[in-house]
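Order of listing sets the numbers, starting from 1, for every ligand and every atom in it. FYI, side chains are in, hydrogens and waters are out, and symmetry mates aren't considered; it's all heavy atoms of this structure.
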Amino acid sequence: MKTRLKTRLRAGLRAGNGPPGPFRPGFWRSPLRGPWLTSVFGLVLLVGLVIVAVTGLLSYAAYEPRLPGNDMTPGKGLLGFYLFDWPTHPAWLYRVTQGTHVVLGLTLVPVLLAKLWSVIPKLFEWPPARSIAQAVDRASLVLLVGGAGFQFATGILNIQLFYVFPFSFYPAHLYGAWIFLAALAVHVAVRLPRAIRAVRSRDLRRELRTRLADTRPEPPDPNGLVPADPAPPTMSRRGVLAFVGGGSVLMFGLSAGQTLDGPLRRTALLAPHGREYGTGPNDFQVNKTAASLGVTAAEAGDGWRLAVVGASRIHLSRADLLAMPLHTYALPIACVEGWSTEQVWTGVRLADLARLAGLPPGAAAVTARSLQRVGYFGQASLSTGQVADPRSLLALRVNGADLSLDHGFPARIIVPNAPGVHNTKWVRELEFRREGR
Ligand SMILES: Nc1nc2c(c(=O)[nH]1)N[C@H]1C(S)=C(S)[C@@H](COP(=O)(O)O)O[C@H]1N2
Ligand SMILES: [Mo]
């Protein structure tokens, strides 16, 4: 039995038919597959993924990875050639760029799946390589599809708080981004003219009016997307577009609320954090609770002192801080995971604390260290520009009340336009340094 199968397989291969199943040209029969449909999905992805990639690279810049302790990615000097001082104006910018990165990424998932469906016969092409050029082309597609899959998988797992990968998210997502972008550049250089010709080959408005009964396959194409022996259609092209577009609208609708915040947060069914909060001053999203990071009310209580280090080293109690000039600003917390929320914070200017440490605020960078001893994000460094902004605070109160323990009592950092992760909670030490830039 086994030998008979082997003989048949060998005979099939000799005849140029390839192995059975999906490798046979007659296996893939959807009458909708063709260069036009593939190119429509491809061009939507091209525009969308470039925006997702650019906002992602901006997010890496916003992390100020060149400052001490913010990022350990090996080789970041090369990959971060574009880094620049992340501005503090406008305060809402990171909310917009990171909200776009996450929400648009999720919105494109159905389009990516549809695009992969539309080209799946190419995955089973037989023989695997007809020429060296074709082998190189297919290898670049492994990087393109693999890169996209890796970026979507790690990104989605991260925003859903499943930290399951055996590596650190930041370097992995950054390396993945550059591999994907390089493969995309090759793909666009090779395919774009063909894709533009293909979308022009049919009139979109006409497709949107064409019913199932009038749906015909695209004309045979040299690249083998159109099946040689198409099955009768079970769905029109407009049906496919509506199905994929509807999926995208759904993904958008179920995730945008966590970026927009307010009453719309309730609509964010895909958001892993809570969707409804009370009406108290501290009732807004908590990223990590004090308990989950081992920060106790006792160590954040009366015995707490803030060490302010610079030219000198001084210790301040919460009463000392409350006796300093206090300032109030409405500023957002915008997390890398795409959620954001604006609250009204009251506290001491970081610039005033720099001055207290004997450093001119225009030339002082700072590292904030937390009471937290486990997990990540127990410290973050801020640039001279961030310290100098008058809205950058060591916040003591929020919405008129003392900070709750979960929101960082007795004191936390709030910096305009910084990623949420730089708003260190439960600060125990501020180390100011003189910096050239
Ligand atoms: N010490 C400490 N500070 C921290 C964090 C943390 O894990 N530990 N998380 C950061 C992240 S990722 C975000 S988004 C904000 C969230 O602030 P919130 O929990 O008050 O909403 O806090 C930041 N400050
Ligand atoms: Mo965050």
Side-chain angles (χ1 to χ4, degrees), residues 56 59-60 62-64 69-71 91 94-95 97-99 101-102 155 157-163 168-170 173 258-259 261 265 268 271-278 280-297 299-300 304 306 330-347 350 366-382 386 392-399 401-431:
S59 181
Y60 188 66
Y63 269 71
E64 296 286 1
N70 281 2
D71 176 60
Y94 188 74
R95 239 188 134 171
T97 60
Q98 195 57 16
H101 182 70
V102 171
L157 287 172
N158 196 64
I159 60 178
Q160 291 299 330
L161 314 180
F162 297 132
Y163 306 116
S168 168
F169 173 75
Y170 295 88
H173 208 60
Q258 63 166 336
T259 302
D261 203 34
R265 174 176 289 272
H273 291 280
R275 282 180 288 116
E276 286 194 69
Y277 294 89
N282 275 284
D283 291 339
F284 57 95
Q285 182 157 326
V286 171
N287 178 276
K288 294 264 161 49
T289 61
S292 74
L293 297 173
V295 175
T296 65
E299 56 186 336
W304 174 85
L306 173 72
L331 292 171
I333 289 188
C335 183
V336 66
E337 293 154 14
W339 62 265
S340 53
T341 180
E342 188 179 273
Q343 306 294 334
V344 179
W345 308 91
T346 300
L350 293 182
V366 73
T367 299
R369 297 195 178 85
S370 168
L371 290 173
Q372 166 193 344
R373 277 170 304 260
V374 297
Y376 305 101
F377 313 141
Q379 67 164 42
S381 292
L382 303 170
Q386 288 173 316
S392 296
L393 301 177
L394 182 69
L396 307 165
R397 296 204 180 113
V398 63
N399 302 317
D402 286 347
L403 289 172
S404 67
L405 187 59
D406 281 342
H407 282 303
F409 186 88
R412 76 171 303 166
I413 301 277
I414 289 291
V415 174
N417 194 37
V421 59
H422 283 178
N423 297 322
T424 308
K425 304 196 274 193
W426 316 291
V427 177
R428 66 171 165 81
E429 181 183 87
L430 292 174
E431 184 192 338

Asks: Under the salt bridge (charged side-chain N to carboxylate O under 4.0 Å, His left out) test, which residues partner Asp261, sequence neighbours left out?
Replies: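 By the salt bridge (charged side-chain N to carboxylate O under 4.0 Å, His left out) rule, Asp261 matches Arg265.
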
Asks: Name each N or O atom in ligand 1 that is under 3.5 Å from a protein N or O, and give the partner atom and the distance.
Replies:
residue	atom	partner	partner atom	Å
ligand 1	1 (N)	Ser370	OG	3.2
ligand 1	1 (N)	Gln372	OE1	2.8
ligand 1	1 (N)	Lys425	O	3.3
ligand 1	3 (N)	Lys425	N	3.0
ligand 1	8 (N)	Gln372	OE1	2.6
ligand 1	8 (N)	Phe377	O	3.4
ligand 1	17 (O)	Arg412	NH2	3.1
ligand 1	19 (O)	Asn287	N	2.7
ligand 1	19 (O)	Lys425	NZ	2.5
ligand 1	20 (O)	His407	ND1	2.6
ligand 1	20 (O)	Arg412	NH1	2.6
ligand 1	21 (O)	Gln285	O	2.6
ligand 1	22 (O)	Arg412	NH2	3.4
ligand 1	24 (N)	Asn423	O	3.0

Asks: Does the separation of the ring centres of Tyr63 and His422 fall below 6.0 angstrom?
Replies: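 Aromatic pair counts; centres sit under 6.0 Å.
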
Asks: Got a sec, which residues hit salt bridge (charged side-chain N to carboxylate O under 4.0 Å, His left out) with Glu342, two or more places apart in sequence or on another chain?
Replies: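 Applying salt bridge (charged side-chain N to carboxylate O under 4.0 Å, His left out) to Glu342 gives none.
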
Asks: Mind checking what makes salt bridge (charged side-chain N to carboxylate O under 4.0 Å, His left out) contact with Glu337, not counting sequence neighbours?
Replies: none

Asks: Is there a side-chain contact between Ser404 and Phe409 in this structure, where contact means two heavy atoms from C-beta onward sitting under 4.5 Å apart?
Replies: no

Asks: Between Trp345 (side chain) and Leu331 (backbone), is there a donor-acceptor pair under 3.5 Å?
Replies: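 Confirmed, Trp345 side chain pairs with Leu331 backbone.
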
